Structures are given as C-alpha cells and as structure tokens.
Peer 1: 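One structure coming up, written as structure tokens, with questions to follow.
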Amino acid sequence: MSYETILYEKKDKVGIITLNRPDALNALNSQVFSDLYAVITEVENDNEVNAVIITGSGEKAFAAGTDIKEMETLNCNGAREFALGVKKTLDKIETLKKPVIAAINGFALGGGCELAMACDLRIGSEKAKLGQPEINLAVIPGAGGTQRLVRLVGSSIAKGILFTGKIINAETSLTIGLLNSVVPPEELMDEAMKTASIIASKSTVIMGLLKDVVNTGRNLDLPSALAYEIEIFGQCFATEDQKEGFKAFIEKRDPEFKGE
Ligand code: DAK
C-alpha cells in the first residue's frame, strides 16, 4: 500500500517508515498521523515484518514538530480532537507487539520528539537535535511530552527541557538517556538496521510479550509489576518457541523460531 505523507518499504523482516514532508522538515500534520496509524496497522498484520524503523526524509529533520501551520487555527474542541487522533497513533506504536526504533537524523522537536519517545529505542545521528519547544509557542506538549519524557530521563531533567524549550544536541541526549546511541550521520540507517535485524531474528511471540511486560510494568507499582512479570514468564512456557529455544541450546545449534 502507498501513503500520502510517508514512504514504506520492507527489508529483511524490517519495515522502514520514512516521514516524507522534507520541505516542512517533516512536520506532523493530521494526514501524517493518519498515514502512520494505517502503516502500523499494516505492520501489525504482516507476518513478514518483525521490527520497524521510523526515520525522516531529507538531511535536516526527523520531524520538527506537529504542524504549527495546521494547528494555528484550532479552537479548544478542535485541539482536543486533534490530540485524540495523535494519541491514537502514538498508542498504536507503543502497544504494537513488534519493537519500533526511531532513527533520528536531525531535528526531533515537539511532536517529533514525542513520536520518537513513543518508539522503543532511539538511535541518533550526531546531527540529531531534540527538544520540547512548545512553551515558546505558549502551549504545552500534547502528545505525551510531559509524561514520557519524565519517565525516560526523570522529572528534574525533563522539567529543564520542558520549561526552557531549549534544543539539546545528540551528545547531551545520549548522556541523559533520551537516545540509546549516537552514530555519524552516514551510519545511522545501517546502525538502525543492524539493531532491527538482531531484534527481528528473535521469537516474535516472546518479543511481543517482552515489550508488553516492560511497558505495562512501567505503569504499575513494583510488587504488581513483578507479579505481572512472573505471570508472563509462565506464559512463555506455553509457546513452541520456548521449547525450540531451550532444545536448540542443549543441542548446540541455532534456534528456528516460528513465532508460535
Ligand atoms: N510546523 C510547520 N512547518 C514547519 C515546522 C512545524 N513544526 N517546522 C518547520 N516548518 C517549516 C517552516 O515553516 C519552513 O517552511 P517554509 O517557510 O519554507 O514554507 C520549513 O519548514 C523550513 O523551516 P525553517 O526555514 O524554519 O528551517 P530552519 O533550518 O531555519 O529552522 C527549526 C529549523 C527546526 C529550528 C525551525 O523550523 C523551527 O523552530 N521549527 C519549529 C519547531 C517547533 O517549535 N516545534 C514544535 C512544534 S509544536 C498536541 C500534540 C502535539 C503537540 C501539541 C499538541 N496535541 C495532540 C494537541 C506538539 C506541538 C508541537 O510539536
């Protein structure tokens, strides 16, 4: 299927989504969110895709924010409606049973940073620039920026970023844990593909459970999260892949997972 504002290709069990509005620094308008929702649904139903990379087209930006020109005319109700559409898409990415990697090639600001934070891993080029500059526009982040950022880097550092609206570079983003790794720009997609391929080679059914346990547990108190982990650990033993994984280890061979 083809999409209006994004490009989508499949390579070795990895789905690569490219935000494709380079003239607007890949600003995220409602069509982008709608296209993203549709492509993630396509990935969800595609047994040939085990991991996803999201990146931006052009040399400057992953996404320089939600589309300010589109948002300018919104009233209160319109803003809430827009926010619900955005939330639906970011929730879809976060709850997708397949890991999603943001390959951040440049600006990831506002909604762009929020999109990256809804992904599971964030790999940045040395040119990546991240931030939540909404305060400069006299709005607050509306797509998880006040919540996911706090969970990722802690409330003190998050408040520094949110309250000043300052853009932070790749090195600082790595230091505070907002990025998982940083590589030269020309190596970004290779690095993202390398990580995605490792992930894609694992058992898809167990990977889905693993992502869910981490995400669900983050929203629970520790005793409940640990109890949930034990429950899902038990469920692993009801899968064919668990049996294959253990058998392959004992027989000193590579496992052949079926995702069952
Ligand atoms: N929206 C629309 N167009 C944008 C844009 C954006 N966020 N960012 C850049 N562009 C457009 C510019 O208008 C320009 O278009 P033309 O003038 O050529 O037509 C083109 O992209 C190139 O941008 P610049 O000429 O400005 O490029 P520079 O290299 O000089 O500057 C920059 C790059 C990234 C520093 C600058 O473009 C900039 O400051 N951009 C805005 C960054 C920003 O403030 N981002 C946060 C946006 S607010 C919500 C959900 C989410 C949010 C809020 C609510 N709900 C669900 C309710 C989030 C809000 C945001 O993300």
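Nothing here was measured: the structure is a model prediction, and the numbers come from that model. Only heavy atoms go into these numbers, but all of them, side chains included; no hydrogens, no water, no symmetry mates. Order of listing sets the numbers, starting from 1, for every ligand and every atom in it.
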Peer 1: If you compare all heavy atoms of N50 against all heavy atoms of K98, which two are closest, and at what distance to 0.1 Å?
Peer 2: O-CB, 3.5 Å
Peer 1: Within the supplied structure, the quantity of interest is the number of heavy atoms (other residues, nucleotides, ligands) at a distance under 6.0 Å from K10 NZ; does it exceed 12?
Peer 2: yes
Peer 1: Looking only at protein heavy atoms, which one is nearest to atom 42 (C) of ligand 1, and what is the separation?
Peer 2: A64 O, 3.3 Å
Peer 1: What protein heavy atom sits nearest atom 27 (O) of ligand 1, and how far off is it?
Peer 2: K60 NZ, 3.6 Å
Peer 1: Can you tell me the protein heavy atom closest to atom 10 (N) of ligand 1 and the distance?
Peer 2: A24 O, 3.7 Å
Peer 1: Starting at CG of N169, measure out to OG1 of T175 and round the result to the nearest 0.5 Å.
Peer 2: 8.0 Å
Peer 1: How far is atom 20 (C) of ligand 1 from the closest protein heavy atom, and which atom is that?
Peer 2: D23 O, 3.3 Å
Peer 1: Are T95 and D91 close enough that a side-chain donor and a side-chain acceptor fall under 3.5 Å?
Peer 2: no
Peer 1: Is it true that S181 and E191 share a donor-acceptor pair across their side chains at a distance under 3.5 Å?
Peer 2: no
Peer 1: What are the atoms of ligand 1, with element, lying closer than 4.0 Å to any heavy atom of A79?
Peer 2: 57 (C)
Peer 1: As a test of understanding, state which of L28, D35, T55 forms a side chain to side chain contact (heavy atoms under 4.5 Å, CB included) with L19.
Peer 2: L28
Peer 1: Do S57 and N20 pair up side chain to side chain, a donor and an acceptor below 3.5 Å, judged on atom types alone?
Peer 2: yes
Peer 1: I'd like to know if atom 30 (O) of ligand 1 has any protein heavy atom within a distance of less than 4.0 Å.
Peer 2: no
Peer 1: Short N/O distance, under 3.5 Å, between G111 and ligand 1?
Peer 2: yes
Peer 1: Look at atom 13 (O) of ligand 1 and say whether a protein heavy atom is found at less than 4.0 angstrom from it.
Peer 2: yes
Peer 1: Does any N/O atom on L109 come nearer than 3.5 Å to any N/O atom on ligand 1?
Peer 2: no
Peer 1: Quick check for you: to the nearest 0.5 Å, what is the distance between E229 atom CD and L210 atom CG?
Peer 2: 9.5 Å
Peer 1: Please compare D67, N136, I135 and report which has the shortest non-hydrogen distance to atom 2 (C) of ligand 1.
Peer 2: D67
Peer 1: Of all heavy-atom pairs between A108 and C113, which one has the smallest distance, and what is that distance?
Peer 2: O-CB, 3.3 Å
Peer 1: Between K69, E70, E114, flag the one that comes closest to atom 15 (O) of ligand 1 by a heavy atom.
Peer 2: K69
Peer 1: Heavy atoms only: give me the nearest S30-E70 pair and the separation to one decimal.
Peer 2: OG-OE2, 2.7 Å
Peer 1: Going by the atom numbers of ligand 1, which of them fall below 4.0 Å from some non-hydrogen atom of V86?
Peer 2: 56 (C)
Peer 1: Show which atoms of ligand 1 fall inside a sub-4.0 Å distance from at least one heavy-atom site of L137.
Peer 2: 47 (C), 48 (S)
Peer 1: Specify the protein heavy atom at minimum distance from atom 1 (N) of ligand 1: its residue, its atom name, and the distance to 0.1 Å.
Peer 2: I68 N, 2.9 Å
Peer 1: When you measure from atom 48 (S) of ligand 1 to the protein, is at least one non-hydrogen atom found at a distance under 4.0 Å?
Peer 2: yes
Peer 1: Could you find the nearest protein heavy atom to atom 57 (C) of ligand 1 and give me its residue, atom name and distance?
Peer 2: A83 CB, 3.4 Å
Peer 1: Quick one: closest heavy-atom pair of A192 and I101, and the distance?
Peer 2: O-CD1, 3.9 Å
Peer 1: Determine, considering heavy atoms only, which of P133, G110, G85, A108 sits nearest to atom 44 (O) of ligand 1.
Peer 2: P133
Peer 1: Please state whether M71 comes within less than 4.0 angstrom of ligand 1, counting heavy atoms only.
Peer 2: yes
Peer 1: Closest approach of F82 and L74, non-hydrogen atoms and distance?
Peer 2: CB-CD1, 4.0 Å
Peer 1: Is ligand 1 under 4.0 Å from a heavy atom in the side chain of A61, in the backbone, in both, or in neither?
Peer 2: neither
Peer 1: Write out the residue and atom name of the closest protein heavy atom to atom 52 (C) of ligand 1, then the distance separating them to 0.1 Å.
Peer 2: T66 OG1, 3.5 Å
Peer 1: So is K88 actually on top of Y37's ring, under 6.0 Å and inside 45° of the axis?
Peer 2: yes
Peer 1: Indicate whether atom 36 (C) of ligand 1 is within a distance of less than 4.0 angstrom of some protein heavy atom.
Peer 2: no
Peer 1: Please write down residue, atom name and distance for the protein heavy atom closest to atom 26 (O) of ligand 1.
Peer 2: L25 CD1, 5.0 Å
